[in-house]
Amino acid sequence: MPDIALLGLILAAIVIGYFLGWRDQKRRKSGGDGQLSKDYFVGLNYLINEQTDEAIDVFIKALDINNDTVDTYLALGSLFSKRGEVEKSIRVHQDLLARPSLTSVQSFQVQLALAQNYFSAGLLDRAEAILIDLSRQNHDLRDQALQQLLRVYEQEREWDKATEVAERLRRTRGEHFAVLLAHYYCEQCEIALKHNDRVAAHRLIRQAFSRDRQSVRASLLLGQMEFDEGGYKEAIKVLQRISVQDISFMPLSLPLLEKAFEQTGSLRGFGAYLGRCLNERPGTAVTIAMTRLLTRESGESQAVNFLSAQLDRHPTLRGLHELIDLRRHFQGDPPDNILGLIHRLTDRMLELKSVFACGRCGFSGKEMHWQCPRCNHWGAVKPIQGFEGE
């Protein structure tokens, strides 16, 4: 057992002992036999000797549930859970729940803790059953039960059920759940598209926008849907909104946006859009897109001059790699050319670098995740900024 965890359990036991001792004194005054304090010291001895299973049995046996000790035993269960000993935490909470003297509030607290245990252990059906029951009752912990139930449905990827729960929370908790709902509707939209149900997909996208007008994810989905259906001008209109909704996500829209402009025969319009974006917020993806457009429309010399000037103001690794690539094609690439070596080095560096990162927990990777795989927050993963990113 780690020293810190053991210390935490010992401290918890000491607190429990305080309450047991306090009650023991009361019993002595009223003629009690003092048995509880003996059980407490036996349990503490087990705990000090890292015999935690025996300690749990003794402490629970010693516990006569009252308003003073329930919170302490909930804390003990939480300590076991944080140490990853979920089975021991479940034992504590199940034994508490079996005591007939719990108040209704205490019962709700223990059930929430037990549902969290089941969730951590992967017993999602058991967690769901407890949380559904708690969410149907009128008490102060109902919203907490609903939020835990959301985590269960997210884990199970049951987006229709998650949407129903989030709609209930939105009515009481506000706009945070409106943003969350937009993601749930987008998840359902992607499923509808996989089944080629485009009518349902359009309906779900409208629902996503009804909850969050600034949903970048919904704009990307709608832009792809319009493009696939031949609505290139509509796709352009939708995708261009992303630079206003959240410009940090704009790199995700550029490949499809360029194709849409090309389908309309208006690459000049694409260039004008890129120019506006560069004026508002220079970024590597926009710079590279403009460079490649200039290469096609005006030649490599002008593209090299443009990219060199941009890198002088906003140097990035990806931009440097693109410039070396351009110069190699523009000047040729003799076998002993140092540019070839540098190009291979920057290429290798880019292979090793993450492209996206979570602004909350620091998770990073090469794939875009609308829900962070580590901290589970929605919309926190974005393209990396700075020299190694945008």
Side-chain angles (χ1 to χ4, degrees), residues 175-176 178-190 193 201 204-228 234-261 269-293 310 314 316-319 350 353-390:
E175 290 308 303
H176 166 73
V179 173
L180 191 62
L181 276 162
H183 282 288
Y184 291 166
Y185 285 121
C186 286
E187 290 285 348
Q188 293 177 76
C189 175
E190 290 180 357
L193 288 172
L204 289 162
I205 281 296
R206 288 195 297 272
Q207 289 177 296
F209 279 125
S210 73
R211 294 295 174 254
D212 180 15
R213 292 299 303 171
Q214 302 304 313
S215 174
V216 170
R217 186 181 184 183
S219 292
L220 286 168
L221 276 171
L222 182 57
Q224 184 68 63
M225 289 160 61
E226 295 287 1
F227 183 89
D228 292 342
E234 283 301 314
I236 290 170
K237 182 179 178 182
V238 170
L239 293 170
Q240 284 183 324
R241 287 207 304 258
I242 293 173
S243 63
V244 178
Q245 292 171 327
D246 189 336
I247 198 169
S248 62
F249 283 109
M250 192 176 56
L252 300 179
S253 69
L254 291 179
L256 183 60
L257 192 56
E258 183 176 5
K259 291 179 183 178
F261 270 111
F270 183 53
Y273 172 71
L274 293 175
R276 292 194 299 272
C277 293
L278 283 171
N279 288 331
E280 293 175 13
R281 182 179 176 180
T284 303
V286 179
T287 298
I288 291 176
M290 179 67 90
T291 300
R292 292 176 180 175
L293 182 61
Q310 290 295 314
H314 305 285
T316 65
L317 183 60
R318 284 179 58 209
L350 288 170
K353 295 296 180 183
S354 297
V355 181
F356 303 97
C358 176
R360 287 183 174 268
C361 71
F363 167 85
S364 62
K366 289 189 174 295
E367 295 184 12
M368 177 64 195
H369 297 274
W370 293 108
Q371 184 184 29
C372 177
R374 180 185 295 169
C375 68
N376 297 317
H377 277 89
W378 291 87
V381 177
K382 295 184 179 183
I384 292 174
Q385 305 296 314
F387 177 74
E388 295 181 353
E390 284 295 304

Taking atom [atom1] of [X] and atom [atom2] of [Y], what is their separation to the nearest 0.5 Å?
X      : Y      : atom1 : atom2 : answer
Leu257 : Phe270 : CG    : CZ    : 5.5 Å
Leu221 : Cys189 : CG    : SG    : 5.0 Å
Tyr273 : Met250 : OH    : CE    : 5.0 Å
Leu274 : Met290 : CG    : CE    : 5.0 Å
Leu256 : Ile236 : CG    : CD1   : 9.5 Å
Leu204 : Leu222 : CG    : CG    : 12.5 Å

Minimal non-hydrogen separation, [X] against [Y], with atom names:
X      : Y      : answer
Gly319 : Thr284 : N-CG2, 3.9 Å
Ala289 : Leu254 : CB-CD1, 4.4 Å
Ser248 : Lys382 : OG-CD, 3.5 Å
Phe249 : Pro383 : CD2-CD, 4.2 Å
Ser219 : Leu239 : O-CD2, 4.0 Å
Ser253 : Ile242 : CB-CD1, 3.7 Å

His369 and Phe363 aromatic ring geometry - parallel, tilted or perpendicular at 30°/60° bounds: perpendicular
Geometric class of the Trp378/Tyr184 ring pair [parallel <30°, tilted 30-60°, perpendicular >60°]: perpendicular
Stepwise side chain to side chain contact (heavy atoms under 4.5 Å, CB included) test for Ser243 and Arg276: CA-CA 10 Å; Ser243 63; Arg276 292 194 299 272; over 6 Å; no
Indicate yes or no: at least one non-hydrogen side-chain atom of [X] is less than 4.5 angstrom from one of [Y].
X      : Y      : answer
Gln310 : Leu278 : yes
Ile384 : Val355 : no
Leu252 : Phe356 : yes

Under 3.5 Å donor-acceptor, Lys366 side chain and Lys353 backbone: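 Yes, because the side chain of Lys366 sits within donor-acceptor range (under 3.5 Å) of the backbone of Lys353.
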Heavy-atom donor-acceptor pair, Gln371 side chain to Val381 backbone, under 3.5 Å: no
Identify each donor-acceptor pair in which a side-chain atom of residues 205-212 lies under 3.5 Å from a protein atom, sequence neighbours left out, and give them as a table.
residue, atom, partner, partner atom, Å
Gln207, OE1, Arg203, NH1, 3.3
Ser210, OG, Gln207, O, 2.6
Arg211, NE, Glu167, OE1, 3.4
Arg211, NE, Glu167, OE2, 3.1
Arg211, NH2, Glu167, OE2, 3.3
Asp212, OD1, Gln214, N, 3.0

Verdict with reasoning, Glu190 to Arg217, per side chain to side chain contact (heavy atoms under 4.5 Å, CB included): CA-CA 11 Å; Glu190 290 180 357; Arg217 186 181 184 183; 3.4 Å; yes
Thr287 and Thr316: CA distance, side-chain angles, deciding distance, side chain to side chain contact (heavy atoms under 4.5 Å, CB included) verdict: CA-CA 10 Å; Thr287 298; Thr316 65; over 6 Å; no
Test log, rule side chain to side chain contact (heavy atoms under 4.5 Å, CB included), inputs Cys372 and Arg360: CA-CA 9 Å; Cys372 177; Arg360 287 183 174 268; over 6 Å; no
